[in-house]
Amino acid sequence: MKKVLSGIQPSGLLTIGNYIGAIRQFVEMQDTHDCYFMIVDLHAITVPQEPEKLREQTESVAAMYLASGIDPEKAVVFLQSQVRAHAVLGWIMTTLTGMGELERMTQFKDKSAGKESVGAGLFVYPSLQAADIVLYNADLVPVGEDQKQHLELTRDLAQRFNHRYGDTFVVPEPHITDVGKRIMSLIDASKKMSKSDPNPGAFISMFDEPDVIRKKFSRATTDSGREIKYDPDNKPEVSNLLEIFSIFSKVPISDLEARYEGQGYGALKKDIAEAVISVLEPIQARYRDIRQSGELQAILKRGAEKANAVADATLKRAMERMGFLL
Ligand code: ATP
Ligand code: LTN
């Protein structure tokens, strides 16, 4: 069975962008792959986090994984900070990474732009991500398109290590779906939908109530025409809505175009909202049950035990090859 690893930062409330680009893939892959899904809390602290909020958001992402259908009997679900090998191999990978390589990372450029002071952790973030992935010998990494550049660096670092110290790490491939690889903001279709967008109208949170979802879609920016056509270059807003609709309704985009031919954007927006609500409502109900059940801690502890066993073995192999005394 091929191995899969991915993670999401507990840096805020998850959006349908995270669901579409990441979690939906996780759920699909767990039946056919050997899967490791983590909550990357060590990555989240690359920007300042309030301790109380970090605790809450970490539990929230873990519970949302389970509520969305990740089954801890099938996939290993764990917190990055509970597997100390990430920090050690992260440091080792940092020493293999060139400053120039990190300077080219667009996520770093975006997140540091206009900031008065930026922590060094934000800069070396991709080296830690590379360690996350190679520790589990992952073949495939399901992510949204924004992570492609980090995956390319991971591949380079794995190859560099193997070249220098002998074959040690699997060189992973990103797993990026065609439809839904980059869901855009509902307000500005030139920007990615992001959980840290200061305008909540730009995203649908996984926790939004039905009426909020209806309102956000009805206010979503659209062009001044009325033709419902998938054409990302010329009609980015409508194309984004069609992608979201197609994913939540499981109806192909071409069928949706035919269904709404001759109708304005209003009908489309109303129906998208209902399709999204019908998927999110049961997830939200399961989320509440999981939070109330008090089972989360034990699930994460079991996950960390399994993850530690795999990660420690990889770390040991790598350190031995590098000349560390063990
Ligand atoms: P932030 O806004 O804090 O940077 P984010 O919403 O981009 O966060 P991450 O934790 O960085 O979320 O991403 C988790 C996963 O979700 C990644 O695989 C990422 O590619 C995917 N993802 C995030 N936003 C989108 C989006 N708009 N479309 C598709 N995939 C997305
Ligand atoms: N960089 C990713 C989060 C992340 C990740 C990983 C994703 C950290 N480690 C390992 C896949 C595999 C992000 O910002 N979304």
Side-chain angles (χ1 to χ4, degrees), residues 3-26 29 35-49 53-54 57-58 60-61 64-65 68 78-81 83 86-87 89-90 93 105-108 110-112 121-122 124-136 138-155 157-158 172-186 188-200 202-206 240 243-244 247 307 311:
K3 294 194 167 53
V4 168
L5 173 123
S6 196
I8 298 185
Q9 302 186 70
S11 51
L13 294 179
L14 298 183
T15 70
I16 59 168
N18 300 126
Y19 178 77
I20 294 172
I23 298 179
R24 183 177 61 112
Q25 261 66 256
F26 301 176
M29 294 174 103
C35 291
Y36 294 82
F37 298 126
M38 58 178 178
I39 294 96
V40 288
D41 45 5
L42 295 175
H43 275 105
I45 59 162
T46 55
V47 297
Q49 302 286 346
K53 256 184 132 173
L54 181 65
Q57 286 168 185
T58 302
S60 165
V61 175
M64 196 40 99
Y65 274 5
S68 303
F78 66 101
L79 307 183
Q80 185 187 29
S81 60
V83 180
H86 289 265
L89 191 64
M93 294 311 246
M105 293 292 129
T106 55
Q107 181 171 309
F108 175 73
D110 291 347
K111 294 210 166 179
S112 58
L122 192 64
V124 298
Y125 174 120
S127 307
L128 177 60
Q129 181 167 353
D132 296 343
I133 296 167
V134 298
L135 275 174
Y136 300 90
D139 302 288
L140 293 173
V141 184
V143 282
E145 194 179 39
D146 60 303
Q147 293 302 309
K148 206 169 161 190
Q149 199 186 24
H150 288 166
L151 263 294
E152 272 156 24
L153 179 66
T154 301
R155 289 172 57 83
L157 293 177
E173 301 261 0
H175 175 85
I176 300 172
T177 58
D178 209 16
V179 176
K181 60 182 185 279
R182 189 172 170 84
I183 297 298
M184 308 313 280
S185 153
L186 298 181
D188 175 358
S190 69
K191 280 191 352 198
K192 172 181 101 111
M193 182 183 283
S194 163
K195 60 171 121 75
S196 46
D197 197 308
N199 182 351
F203 57 79
I204 305 287
S205 153
M206 293 296 287
N240 189 43
E243 281 197 31
I244 296 172
I247 287 159

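Every value quoted in this text rests on a predicted model; they were computed, and no experiment measured them. Whatever order the structure lists ligands and atoms in, that order sets their numbers, starting from 1.
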Original post:
What's the verdict on side-chain hydrogen bond (donor to acceptor under 3.5 Å, both in side chains) for Q107 and Q147, showing C-alpha distance, side-chain angles and the deciding distance?
Top reply: CA-CA 8 Å; Q107 181 171 309; Q147 293 302 309; 3.0 Å; yes

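Nearest to atom 4 (O) of ligand 1 by heavy atom, out of K111, Q147, K181, is K111. The nearest non-hydrogen atom to atom 10 (O) of ligand 1, considering only Q107, K195, R24, comes from K195. Looking at G12, G144, P142 and measuring to atom 18 (O) of ligand 1, the nearest heavy atom belongs to G144. Nearest to atom 30 (N) of ligand 1 by heavy atom, out of S194, S6, G17, is G17. For atom 14 (O) of ligand 2, the choice among Y125, F37, Y36 with the nearest heavy atom turns out to be Y125. With atom 5 (P) of ligand 1 as the reference point, the heavy atom nearest to it among K192, K148, Q9, H150 is part of K192. Taking all heavy atoms of Q147, H150, H86, H43 into account, the minimum distance to atom 8 (C) of ligand 2 is reached by H43.
Close N/O approach between M184 and ligand 1 is not found [any backbone or side-chain N/O within under 3.5 Å]. Remark: ligand 1 and I8 share no N or O pair separated by less than 3.5 Å (distance only, no angle test).
D41 contributes a side-chain N or O that, together with a main-chain N or O of S81, makes up a donor-acceptor pair within less than 3.5 Å. Here the side chain of T58 pairs no donor or acceptor atom with the backbone of P10 at under 3.5 angstrom. Looking only at distances, a side-chain donor or acceptor of Q80 sits under 3.5 Å from a matching main-chain atom of L42. Looking at E243, its side chain never comes within 3.5 Å of a backbone N or O of V179 through a donor-acceptor pair.
Each of the following atoms of ligand 2 lies closer than 4.0 Å to a heavy atom of Q9: 14 (O). The atoms of ligand 2 that sit less than 4.0 Å from any heavy atom of Q107 are 14 (O). The contact set between ligand 1 and G180, taken as ligand atoms under 4.0 Å from a residue heavy atom, comprises 29 (C). Interface atoms of ligand 1 facing S11, defined by a heavy-atom separation under 4.0 Å, are 3 (O). Near L5, the atoms of ligand 2 lying under 4.0 angstrom from a non-hydrogen atom of the residue are 10 (C), 12 (C). Contact atoms of ligand 1 toward G21: 29 (C), 30 (N) (distance under 4.0 Å to a heavy atom of the residue). Against a heavy-atom cut-off of under 4.0 Å, V141 is close to the following atoms of ligand 2: 11 (C), 12 (C).
The residue from L14, I183, T15 that alone fulfils the side chain to side chain contact (heavy atoms under 4.5 Å, CB included) condition with F203 is T15.
Scanning all protein heavy atoms for the shortest distance to atom 15 (C) of ligand 1 gives A22 CB, 3.8 Å. Scanning the protein heavy atoms around atom 16 (O) of ligand 1, the nearest turns out to be N18 ND2, 3.2 Å. Looking only at heavy atoms of the protein, atom 28 (N) of ligand 1 is closest to I183 N, 2.9 Å. Annotation: atom 5 (C) of ligand 2 to nearest protein heavy atom, Q129 NE2, 3.5 Å. At the top of the distance list for atom 9 (N) of ligand 2, counting protein heavy atoms only, stands D132 OD2, 2.6 Å. Among protein heavy atoms, the minimum distance from atom 20 (O) of ligand 1 is reached at D146 OD1, 2.5 Å.
Between M64 and N18, the closest side-chain pair of non-hydrogen atoms is not below 4.5 Å. Inter-residue side-chain proximity for M93 and V134 is flagged as met; some heavy-atom pair is nearer than 4.5 Å. Between K192 and S185 there is no side-chain heavy-atom pair separated by less than 4.5 Å. The shortest distance between side-chain heavy atoms of V124 and T46 does not fall below 4.5 Å. Side-chain contact between V83 and M38 is absent, with no heavy-atom pair separated by less than 4.5 Å.
Aromatic pair Y136/H86: centroids less than 6.0 angstrom apart.
Atom NE2 in H43 sits 5.5 Å away from atom CD in Q129 (nearest 0.5 Å). Atom CG of D188 and atom CG of N199 lie 10.0 Å apart (nearest 0.5 Å).
The closest approach between T15 and ligand 1 stays at or above 4.0 Å for every heavy atom of the residue.
Residue-level proximity to ligand 2 for I8 is absent, since no heavy atom of it falls below 4.0 angstrom. In I133, the part holding a heavy atom less than 4.0 Å from any atom of ligand 2 is the side chain. Residue contacts with ligand 1, taken as heavy atom pairs separated by less than 4.0 Å, involve V143 via backbone and side-chain atoms alike. Contacts with ligand 1 closer than 4.0 Å are made by heavy atoms of both the backbone and the side chain of S196. Of all the heavy atoms of R182, the ones lying under 4.0 Å from any atom of ligand 1 belong exclusively to the backbone.
Classification of the Y36-F78 ring pair by plane angle, with boundaries at 30° and 60°, yields perpendicular.
Residue S11 comes nearest to K195 through the heavy atom pair OG-NZ, 2.9 Å, listed as atom of the first residue, atom of the second, then distance.
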